[in-house]
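The basis for the numbers below is simple: all heavy atoms, side chains too, and nothing from hydrogens, waters or symmetry mates. All figures in this text were calculated on a predicted structure; none of them were measured in a lab. Reminder, nothing fancy here: chain letters follow the sequence lines and each chain counts from 1.
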Amino acid sequence: MDLAILGAGPGGYVAAIKAAQLGARVTLIEDQEVGGTCLNWGCIPTKTLLASTDLLAKAREMESFGLELQGSVTPDMTRIMERKNKVVSTQVKGIRSLLKAGGVILKDGRGVLTSPRDISVAGKDGSSYTVTADKVIIATGSRPAQIAAFPFDNRNIISSTGALELSAIPKSLLIVGAGAIGCEFACIYRELGSEVTLVEMAGRAVATEDQEISALLARELKKKKIRLLTDVRVEKVDVREDGVHAFLSDGQELAAEKVLVSIGRAFNSEDIGAEALGLARGGRGEIIVNERLETNVPGVYAVGDVTGGLLLAHVASRQGLVAAQNCMGAAIAMDYRVVPAAIFTHPEIASVGLRQHQAEERGLKTRIGRFQFRGLGKAHAMGEIAGFLKIIAEEQTDEILGAHIMGPHASDLIHEMAVAMQHGLTARDIAATIHVHPALAEGLLEAAEDVHGEAVHVLPASDR
Amino acid sequence: MNPDDLKYHKEHTWVRIAGKKGTIGITDYAQEALGDIVYIDLPEVDTAVEADSEISEIESTKATSAVITPLAGVIVKVNDDLAESPEVINEDPYGKGWIAVIELENPAEAEDLMDSSEYEKYIEEEAK
């Protein structure tokens with residue numbers, strides 16, 4: 001079996017290694033860098049910057065921890081970016097050696113499908129050749145979407161990629177779109193000292209999350225003096241000598257040194273030969289796949305962002321695993337019931353399963369348990385008491401339908417809920433499990449108890 | 001002691017009436033129950049508020065708690081000093097710890113609220 005994979009991001013490279021393990025001869029074609037957006041311009045570099053700004057935030061609180069600082073702590077963008085580049089290149093090397101050890105043939109170049117079996121490659125070294133395979137997986141990913149009225153100029157109007165490559169801290173930053181990416185950069189640049197304004201056309205920040213999460217995020221942004229404007233659009237942007245002027249739909253005019261546009265992602269389904277193959281695509285340009293990740297063209301599969309579903313690296317990787325096995329003769333369907341996701345604001349946000357409004361829309365009867373991080377000794381010891389944990393359980397069966405966390409280490413804590421949901425566990429199952437004291441996960445124990453109004457460390461209702 | 005010139009709401013807020021204006025804060029009992037206050041989400045000036053509705057939220061080291069306005073009206077002034085020093089509410093709940101001033105829709109509605117002795121009885125009951 002010869003398998004060709006277009007794109008070496010978290011979908012493509014994982015599929016490549018898996019298929020090779022199953023005995024395929026795999027050619028992986030990548031025109032930028034292995035690891036894709038996630039590793040090079042997304043998840044990993046933002047978390048690296050965030051590690052610098054988190055430490056900076058902690059350093060600013062040193063005195064309250066009983067530590068005296070001789071001198072001051074100031075961010076140095078050059079070195080912060082150097083560290084980020086080093087972290088990324090270490091990971092890139094890691095993937096390259098994994099691919100090599102797995103026997104995957106990596107081709108650095110741009111591939112275009114000329115038939116369901118043939119990919120014409122323009123190599124980075126100037127070569128051109130054709131890769132022929134029995135089956136093909138398309139994993140070409142996505143890129144930052146831009147606004148036609150003010151496209152990226154990569155100087156004053158930048159994308160998330162540009163925001164990861166700034167050589168100086170902007171005095172002021174206007175962020176268009178208060179989704180996950182916009183809110184993460186808002187926290188990073190605010191901590192570095194920028195004046196930050198978020199402009200969101202929906203009624204709330206992180207509008208796909210539970211409403212209580214959006215409400216708390218709005219307050220945490222306010223505490224950081226990040227301005228959040230909702231229900232408003234940026235209609236026009238003028239680049240002038242003194243910076244960028246943005247004109248909003250409510251008549252306001254805002255000035256900023258730079259504008260970061262983070263309104264979503266566009267799918268990389270153009271210029272890959274989709275037309276020649278007759279690949280079915282949806283209205284947003286996404287490649288349409290079935291639950292086995294097959295496209296409408298026999299033998300051609302697609303995974304990851306380009307399929308337009310949940311734009312998450314960990315979903316792409318799982319799709320890569322499933323597609324690789326299906327290419328090798330299996331018939332596995334993707335299961336999207338339990339997909340945990342995190343937003344790395346400060347504090348972090350994490351969620352899995354249904355939001356409360358989704359449960360209500362589906363007519364489900366629920367019981368909801370909540371607990372505040374400020375009720376935990378560990379949170380006080382760490383000096384991070386903001387946030388809460390919320391568990392939504394089905395009224396009759398007590399099965400956990402969803403969980404929402406905003407607070408320290410939310411992105412790690414959510415997995416207890418993901419495992420519980422994957423196995424149909426109930427709030428009482430969580431409550432019956434002894435949790436370490438003192439640990440942040442005690443908050444999940446308390447929230448699970450609170451589903452039945454039985455939490456021990458909760459004040460009576462009138463004081464909450 | 002709870003001042004005699006104030007009116008009290010069962011959600012542990014007070015109002016001081018002066019003509020058409022009412023100044024609002026939380027009671028000594030409330031600040032004691034909350035413990036060390038670390039943040040207050042102040043309301044915005046010009047917001048119209050209903051009686052018995054939430055106008056603000058207070059975060060302490062042990063709880064978060066809604067501030068309920070005893071009376072309806074429009075918020076005309078907020079205590080911006082609390083943004084930087086929310087602990088003032090603990091130190092002086094009836095004085096420097098005031099939260100907002102409301103242009104009252106109907107000052108006469110204050111008659112339905114508790115006076116200081118009624119409020120003291122009320123919190124004794126609550127404590128039981």
Side-chain angles (χ1 to χ4, degrees), chain A residues 60-61 64-65 204-205 211-231 250 346-347 370-390 406-408 438 442-443 446-447 450 455-464, chain B residues 8-13 26-47 52-68 70 78-87 89-90 93 99-100 114 119 122-128:
Chain A
R60 288 180 170 138
E61 292 176 22
S64 69
F65 285 83
R204 56 191 177 104
Q211 285 168 2
E212 284 179 58
I213 294 284
S214 295
L216 182 61
L217 175 62
R219 182 181 318 153
E220 292 301 322
L221 294 174
K222 196 171 166 187
K223 284 184 190 175
K224 295 177 196 303
K225 300 191 165 61
I226 293 169
R227 232 172 124 200
L228 170 65
L229 307 176
T230 54
D231 288 312
D250 64 359
H346 186 268
R370 296 180 182 82
F371 195 73
Q372 301 252 0
F373 277 97
R374 66 191 72 236
L376 297 172
K378 183 66 176 285
H380 281 270
M382 293 165 63
E384 293 187 46
I385 62 169
F388 68 97
L389 315 94
K390 172 176 176 180
M406 182 165 187
E442 285 177 286
E446 297 274 354
D450 189 53
V456 170
H457 295 92
V458 172
L459 296 169
S462 66
D463 287 339
R464 283 166 66 193
Chain B
Y8 298 86
H9 186 269
K10 58 180 170 45
E11 294 291 345
H12 308 289
T13 44
I26 68 167
T27 64
D28 186 52
Y29 174 84
Q31 71 78 19
E32 189 70 42
L34 279 167
D36 292 340
I37 293 171
V38 293
Y39 181 75
I40 177 163
D41 194 12
L42 288 166
E44 284 183 21
V45 169
D46 292 338
T47 313
D52 307 321
S53 70
E54 176 178 337
I55 57 163
S56 159
E57 202 168 17
I58 289 178
E59 295 182 9
S60 74
T61 53
K62 53 181 189 187
T64 62
S65 182
V67 177
I68 305 294
V78 298
N79 187 354
D80 290 322
D81 292 345
L82 299 179
E84 294 304 320
S85 316
E87 67 280 1
I89 300 170
N90 291 118
I99 293 167
M114 290 177 271
Y119 180 64
Y122 173 72
I123 52 183
E124 266 172 41
E125 283 297 313
E126 276 232 321
K128 275 178 194 167

With a sphere of 6.0 Å drawn around CD of B/Glu32, does it hold more than 12 non-hydrogen atoms of other residues, nucleotides or ligands? no

Turns out that what part of B/Leu42 lies under 4.5 Å from chain A's heavy atoms comes down to backbone

So CD of B/Glu57 and CG of A/Leu216: to nearest 0.5 Å the spacing works out to 8.5 Å

To the closest 0.5 Å, what do you measure between CG (B/Asp41) and NZ (A/Lys222)? 4.0 Å

In terms of heavy-atom contacts, A/Arg374 and B/Val38 come closest through NH1-CG2, 4.0 Å

